[in-house]
Amino acid sequence: MSVVEAPVVPVRRPSTRLLRSELWLIFGRRRNWAGLAILAVVPTIIAIAVKVSPPGGGGEGPNFFASITSNGLFVALAALTVELPLFLPLAVAAISADAIAGEANLGTLRYLLTVPVERVRMLAVKYTAIVIFALTATLLVAAVGALLGLALFGGGPVTTLSGTQLSFADGVLRLLGVCVYIACGLAALGAIGLFVSTLTEQPIGATVAILIVNVLSFVLDSIPQLSWLHPYLLTHYWMNYGDLLRDPVSWSGTGQGALVAGAYALVFWTAAWARFAGRDVTS
Amino acid sequence: MTAPATATATTTSGPGQPAGSLAVESTGLTKRFRRQVAVDGIDLAVPRGSVYGFLGPNGSGKTTTIRLLLGLIRPTAGSHSLLGQPMPQAAARVLPGVGALVEGPAFHPYLSGRANLLRLDAADRTAEPGTARRRVDAALDRVGLLAAAGKRYRAYSLGMRQRLALAAALLAPRELLILDEPTNGLDPQGTREVRALLTHLAAEGATILLSTHLLSEVEQICTHVGVMHLGRLVAQAPLAELRAGAVPRVRVETDRPEAAARVLRELGMSGVETATETATAPLGRLAPEKIVAELVRHDVPVRGFAVVAPDLEEMFVSLTGEGFDVSG
């Protein structure tokens, strides 16, 4: 702690330490363990329920329940389908709401900014952590479902939605593709969450707001009279992951979905930056 | 509340001094929140190497000023520099050399004290990753918190939290420390330790800007003082200069204060005041012993006689008013 005669410009190096610290904060927190445990409970329940009383088949849309008894991998797909409307968005909403609002609520935001963490860097690191969380949560549901399914129902060739057969390895690859696609949609929701998080100092309020956006999007998407609006809704494309299970893969629906997710992410990340860059931090 | 006496702001930066001799410098720094002006055109001048006591009643704009200095909020008008570099443009370069404590400690409650400091260190791109653990423990040791380093922050007492915030401010070598009420919540022993620590840091050459409302703290460790009132910097001077500028008064204790007052006036003193058993007046250029002799010659029964310099508290009150109200 000495007086430096000439002003020394400190060396700033690129570092992943802050990102690792963020991930550790997210994945080391008991609240989030509980959330992830709940996500993992769903495929467990599905696997056990189907084992106890096998379904008769039928139903609309990509119905993976009927296929579970023939291949355990479908537990993962059934679980993702069940969790996509609410549970997965809820998890992403809670994490992204915490990003800025959580730090502001605790007061730690002012200390991070005076370290200093430049505001753009803060948003970039926070968003990267949100995306990693979204992917991890999706993969967790899929992994628990796949492992339990394989244990209870066995693996083997996978029947696609087109009726053709794929090798087991190809089936796993398709499942991973589904996870990445779902994570894209959730990451876009996470960008909305990041933006909402810069508006308030109350993480709970931000979580609720993000969930409302998510549910509202589903509601609007279910009103046929608003079909002109549907292509612009984030959640409109979420269920398109079924296209990845056709033979050959139909890219048009998923490509459109990924594009819209990317647009949402870009717009709301930029909005978050516009809001946060010049904001007075009085928390 | 009485209106504040507007003292002339004496800055230590004459026009002849080289740029960069000030660790903190602001020109017309102003912050307006909606209707209220929180900070009103202040010209701070904190010389390098000084311990600057930043005084003011609650709500006088001290914390807002500190937030402005650190770039947490944007000024409505005016500009400032830290360590000779313009803010907020140079924030990324300057702030690694600045340790700060702003409006009390704030940490993640479910992380330990050590984990909290490691997180702040991880956020600092100028910090050496390999030495993080060692530096964190050194900072914890410096504030006497090493024994509780592994405890969760939520289990800390207020004093321990304050110490942790100080440790965070000392994580890296700092040229400038901006500390908002660093002894708040500490027990007397802790207060003494922190004062000793600050004195030590100042001796090593760090500049310290210390916001406080504890005048004893200022008298013990500060070299310079700035006084805030209603968002304005109503006084700024080296402490010694402020003391020297204070007018000493003679104070005569007697059961005939009117007679004493008459003698004082005959001696040419102005501003004589009387109370039930005292008469006081500014000393001026008179020799105190001559006053006593005159009083005795006029048969004024003198029970006590003293030349009193106003202490810091009186000066402070005369600048900021007597009231108990927080500054609106």
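By convention in this document, chain letters (A, B, ...) are assigned in the order of the sequence lines, proteins followed by strands, and residues within each chain are numbered from 1.
Ion pair B:K31/A:D280 flagged as a salt bridge, since at least one NZ, NE, NH1 or NH2 atom sits closer than 4.0 Å to an Asp/Glu carboxylate oxygen. With salt bridges taken as basic N to acidic carboxylate O contacts below 4.0 Å, one links A:E22 and B:R119.
Of the listed residues (B:V102, B:D124, B:I178), the greatest number of heavy-atom pairs within a distance under 4.5 Å of chain A belongs to B:V102. Note: B:A106 leads B:A165, B:A106, B:G104, B:A100 in heavy-atom pairs under 4.5 Å with chain A.
Using a 4.5 Å cut-off on side-chain heavy atoms (C-beta onward), A:R30 and B:Y110 make no contact. Two residues are said to be in side-chain contact when any heavy atoms from C-beta on lie closer than 4.5 Å; A:T114 and B:L72 meet this criterion. Residues B:L120 and A:L112 form a side-chain contact, since some pair of their non-hydrogen atoms from C-beta on lies under 4.5 Å apart. Counting heavy atoms from C-beta on, the side chains of A:S15 and B:P129 never come closer than 4.5 Å.
Only the backbone of B:A91 comes within less than 4.5 Å of a heavy atom in chain A; its side chain stays farther off. Of the two parts of B:R67, only the side chain, counted from C-beta on, holds a non-hydrogen atom closer than 4.5 Å to a non-hydrogen atom of chain A. For B:P105, the part lying under 4.5 angstrom from a heavy atom of chain A is the backbone only. Both the backbone and the side chain of B:A127 come within less than 4.5 Å of a heavy atom in chain A. Heavy atoms of B:L171 lying under 4.5 Å from chain A are absent altogether. In this structure, chain B has no heavy atom under 4.5 Å from any part of A:R20.
Residues satisfying the salt bridge (charged side-chain N to carboxylate O under 4.0 Å, His left out) test with A:R17, not counting sequence neighbours, are B:D121.
Atom CH2 of A:W273 is surrounded by 12 or fewer heavy atoms from other residues, nucleotides or ligands within 6.0 Å. A:R31 CZ: more than 12 foreign heavy atoms inside a 6.0 Å radius. Heavy atoms from other residues, nucleotides or ligands lying under 6.0 Å from OH of A:Y181 number more than 12. Heavy-atom contacts from other residues, nucleotides or ligands closer than 6.0 Å to CZ of B:R154 number 12 or fewer.
Taking CG from B:N116 and OH from A:Y111, the interatomic distance works out to 11.5 Å, rounded to the nearest 0.5 Å. Rounding to the nearest 0.5 Å gives a distance of 11.5 Å between CG of A:L106 and CZ of B:F107. The line from CG of B:L111 to CZ of A:R29 is 9.5 Å long, rounded to the nearest 0.5 Å.
The stretch residues 194-201 of chain A places none of its residues near chain B, where near means some heavy atom under 4.5 Å from a heavy atom of that chain.
Judged purely by atom type and a 3.5 angstrom limit, B:R74 has no side-chain atom pairing as donor or acceptor with the backbone of A:G278.
B:A122 approaches A:S21 most closely through the heavy-atom pair CB-CB, 4.2 Å. Contact between B:A92 and A:E118 at its shortest, heavy atoms only, is CB-OE2, 3.7 Å.
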